[in-house]
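Okay, structure first, notes after.
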Number of protein chains: 2
Amino acid sequence: MPEWRKDPVVDRWVAVSTERAKRPTDYRPPLEQKKQERCPLCEGHEGDTPPEVLAFRKPGSEPNRPGWWVRVVPNKFPACRVEEDNKMTRKDIYYTWCGVGAHEVIVETTDHEPNLINQTEWQVAEVIWAWRARSLDLRRDTRLKYISIFKNKGSVAGASLEHAHSQLIAIPMVPAEIKEELAGVRAYREERGRCVYCDVWQHEAATGERVVVEASHFISFVPYAARFPFEMWILPKKHQRDFADIDEAGVRDLAYVLRESLRRLAWTVYDPPYNLVLHTCPVNDVAEEDYHWHIEILPRLTIIAGFELGTGYYINPTPPEMAAAALREAGKWCPEVISAVQEVRAGV
Amino acid sequence: MPEWRKDPVVDRWVAVSTERAKRPTDYRPPLEQKKQERCPLCEGHEGDTPPEVLAFRKPGSEPNRPGWWVRVVPNKFPACRVEEDNKMTRKDIYYTWCGVGAHEVIVETTDHEPNLINQTEWQVAEVIWAWRARSLDLRRDTRLKYISIFKNKGSVAGASLEHAHSQLIAIPMVPAEIKEELAGVRAYREERGRCVYCDVWQHEAATGERVVVEASHFISFVPYAARFPFEMWILPKKHQRDFADIDEAGVRDLAYVLRESLRRLAWTVYDPPYNLVLHTCPVNDVAEEDYHWHIEILPRLTIIAGFELGTGYYINPTPPEMAAAALREAGKWCPEVISAVQEVRAGV
């Protein structure tokens, strides 16, 4: 059973594997993933994964058989899982939290395609619906306090499988990052009486210099203090604390803005590895603190090194305004360019 | 001139390059560093770097010429540098801090050797003396509030040069990470009347299960909630807030514990890439808050991915107790093993 351990000084929890622990010899280089012979996420290989917890599938098709277009399964090697008990224990000066949690994989397509942007907008919308459905289902377990939805694209960004997929980890505590954002939202509202994220997107829309894609309900832009070159944030224009409150028009609009932003990223900097992280409000939160959910796209073209790890601050070699201009410009290119840049990346 | 930009929501500053900005085409893969034809850090190539700010050198040898054994130079591509002014400006909803700072490179050896552990203990002590001398010199500029000393080993950990070196970045603000640790130290002292770091090392020394190397004045151990497999912390046993207060016996002892810990890491998991970060108290700090300085060694065998970036929490696949046992065991091996594992790593 994996266990959560708290750092004795700061608010930092670590999920420590105890069951399937990696021994020193498991780190023998090369550390790069090997080409998988058989992908467990492809249609027809449903038996290679634990049984599905959700699938959007053709009427009449059987669970854990072909016929789906988006499928969600428990992670075979979970960082945490839902256990019976949910208790914090103290060993002398250290705190441990046992067991409760969930770790799931959202399979974004039936075919062995690594790139979400090669899917239709409709398919991207279906992935968003799956995120929403799992978020709503998991929060029924009131011990869970946060549902982290993210996507690792490329091995440099932490993907261990090539097939396009996102992940969900539900945990019994509110993460430090989200707590900090909640405090930032609160402080800004106390000072100025408004939502900081609302002010940010309105400011970006008005000046336009860092905007990448703008639609009716969503806007993507390079943030003013971007940590990573070509980092993008996608915000709903409507003040909404909970991602799961998204409606049908919202999903359709987000699918367009998300896919278009990712396409431009791929065209501009050679289909780079990236992490996508959905930031939303805690669940089963009595206080119901104010928040404004959003998506952060974090390209991994630079390395998080000693300075970043030691200070929590970043060095970004590409000015956000230059990045945004290039991403906007990419929208004017012929979409066929992407196959060429993907070849470049694949040849690495 | 690089500028510091603050995130509008959380306490996160980013140094944005504006002068030598990287354009989209600079990210064309492969992103791996090319073998340098001529290393600017080697003895005899002193003219390839900006003029030295410090060098330990043979009596009678001239500055910026051979004859040194540890040399400190300004970074040719600084993330920040010491400028005339030090002002925070506000552009509508965003804050910027202009210019003040320093970015230096500590060259750890004259020969083109990537690995600090292949130096003598004496040489490692000289590197520590150089860190201390630069920290003491830079703090004379009272606008600087923190001096971050770190080391990136291997390109995966962010090293852009192979030749063994560490870096120093001095900034006009106290980093978020250090602020959090200061708050943790304060809270623990209020609750229990003691220093949390003192309690941690004493607890580790008493149980022994996570200890790697113990000497008279320093101890290294795998922390209870290690973020990374084989992560190690090195603490002075004496309660000391400021690294620069280290004395001669301390430097000698730290050189032994640091080198021995890094050697065991190399032997245990195939000479991995790592970041080393020195955590110490702020400088020019009127409040003089309580702290306990230490070194963190962060091996880069796992990838910081969406979950870590989105939550600030980590997943560690190797239990700290297993890592510590392997690192202790490595101390018993024949040191010649290292040349074999280095060959494995070099072959990647």
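No experiment lies behind these values; they were computed from the predicted model shown. The chains referred to below are lettered A, B, ... by the order of the sequence lines, with proteins before strands, and numbering in each begins at 1.
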Heavy-atom proximity to chain B below 4.5 Å, by part of A/Tyr313: both
A/Ile303 and B/Val156: which non-hydrogen atoms are nearest, and at how many Å? CG2-O, 3.5 Å
Side chain from CB out, backbone as N, CA, C, O: work out which of these in A/Val14 comes under 4.5 Å of a heavy atom of chain B, or both, or neither. both
So which residue, B/Asn316, B/Asn152, B/Val277, B/Thr207, ends up with the most heavy-atom pairs under 4.5 Å with chain A? B/Asn316
What is the distance from atom CZ of A/Arg12 to atom CD of B/Glu177, rounded to the nearest 0.5 Å? 6.0 Å
Do you see a donor-acceptor pair shorter than 3.5 Å between the side chains of A/Asp7 and B/Tyr314? no
Do you know which of A/Pro24, A/Gly312, A/Gly158 has the most heavy-atom pairs with chain B at a distance under 4.5 angstrom? A/Pro24
Apply the test salt bridge (Lys or Arg N to Asp or Glu O under 4.0 Å) to residues A/Glu321 and B/Arg5: give CA-CA distance (whole Å), side-chain angles for both, the deciding distance (0.1 Å), then the verdict. CA-CA 13 Å; A/Glu321 296 71 29; B/Arg5 295 185 179 189; 3.1 Å; yes
Checking side chain to side chain contact (heavy atoms under 4.5 Å, CB included) against B/Val9, which of A/Glu181, A/His292, A/Glu180 comes through? A/Glu181
Sorted by chain and residue number, the ring-ring contact (aromatic ring centres under 6.0 Å, His included) partners of B/Phe243 (sequence neighbours excluded) come out as B/Trp293
If I measure from the heavy atoms of chain B, does A/Ala176 come under 4.5 Å with its side chain, its backbone, both, or neither? both
Per-residue contact mode, A/Glu204 against chain B (heavy atom under 4.5 angstrom): side chain
So which of B/Ile149, B/Thr302, B/Asp92 has the biggest tally of heavy-atom pairs under 4.5 Å with chain A? B/Asp92
Spell out the residues in residues 223-231 of chain A that have some non-hydrogen atom less than 4.5 Å away from a non-hydrogen atom of chain B, in order of number; otherwise answer 'none'. A/Tyr224, A/Ala225, A/Ala226, A/Arg227, A/Phe228, A/Pro229, A/Phe230
In terms of heavy-atom pairs under 4.5 Å with chain B, which of A/Trp13, A/Tyr94, A/Tyr274 leads? A/Tyr94
Interface check, chain B: of A/Val196, A/Ile178, A/Thr96, A/Leu309, most non-hydrogen pairs under 4.5 Å belong to A/Leu309
Winner by heavy-atom pair count (cut-off under 4.5 Å) against chain B, out of A/Ala323, A/Ala183, A/Gly310: A/Gly310
With sequence neighbours excluded, what pairs up with B/His279 under the ring-ring contact (aromatic ring centres under 6.0 Å, His included) test? B/His294
Minimal heavy-atom distance between A/Ser148 and B/Phe307, with the atoms involved, is OG-CD1, 4.0 Å
Give the member of A/Pro175, A/Gly184, A/Ala157 that has the highest number of heavy-atom pairs under 4.5 Å with chain B. A/Pro175
Would a 4.5 Å heavy-atom cut-off, applied to side chains only, mark B/Arg300 and A/Ile304 as touching? yes
Mind checking side-chain contact (heavy atoms from CB on, under 4.5 Å) for A/Arg194 and listing every partner two or more places apart, or none if nothing turns up? A/Tyr188, A/Arg192, A/Asp199
d(B/Lys22 NZ, A/Leu301 CG) to nearest 0.5 Å is 8.5 Å
Judged by atom type as modelled, is there a donor-acceptor pair below 3.5 Å linking the side chain of B/Asn275 to the main-chain atoms of A/Ala305? no
Which one of A/Leu276, A/Leu298, A/Asp11 has the most heavy-atom pairs closer than 4.5 Å to chain B? A/Asp11
Between B/Thr318 and A/Tyr27, do the side chains contain a donor N or O and an acceptor N or O under 3.5 Å apart? yes
If you round to the nearest 0.5 Å, how far is NE2 of B/His103 from CD1 of A/Ile315? 6.0 Å
Name the region of B/Ser166, side chain, backbone, both or neither, that has any atom closer than 4.5 Å to a heavy atom of chain A. neither
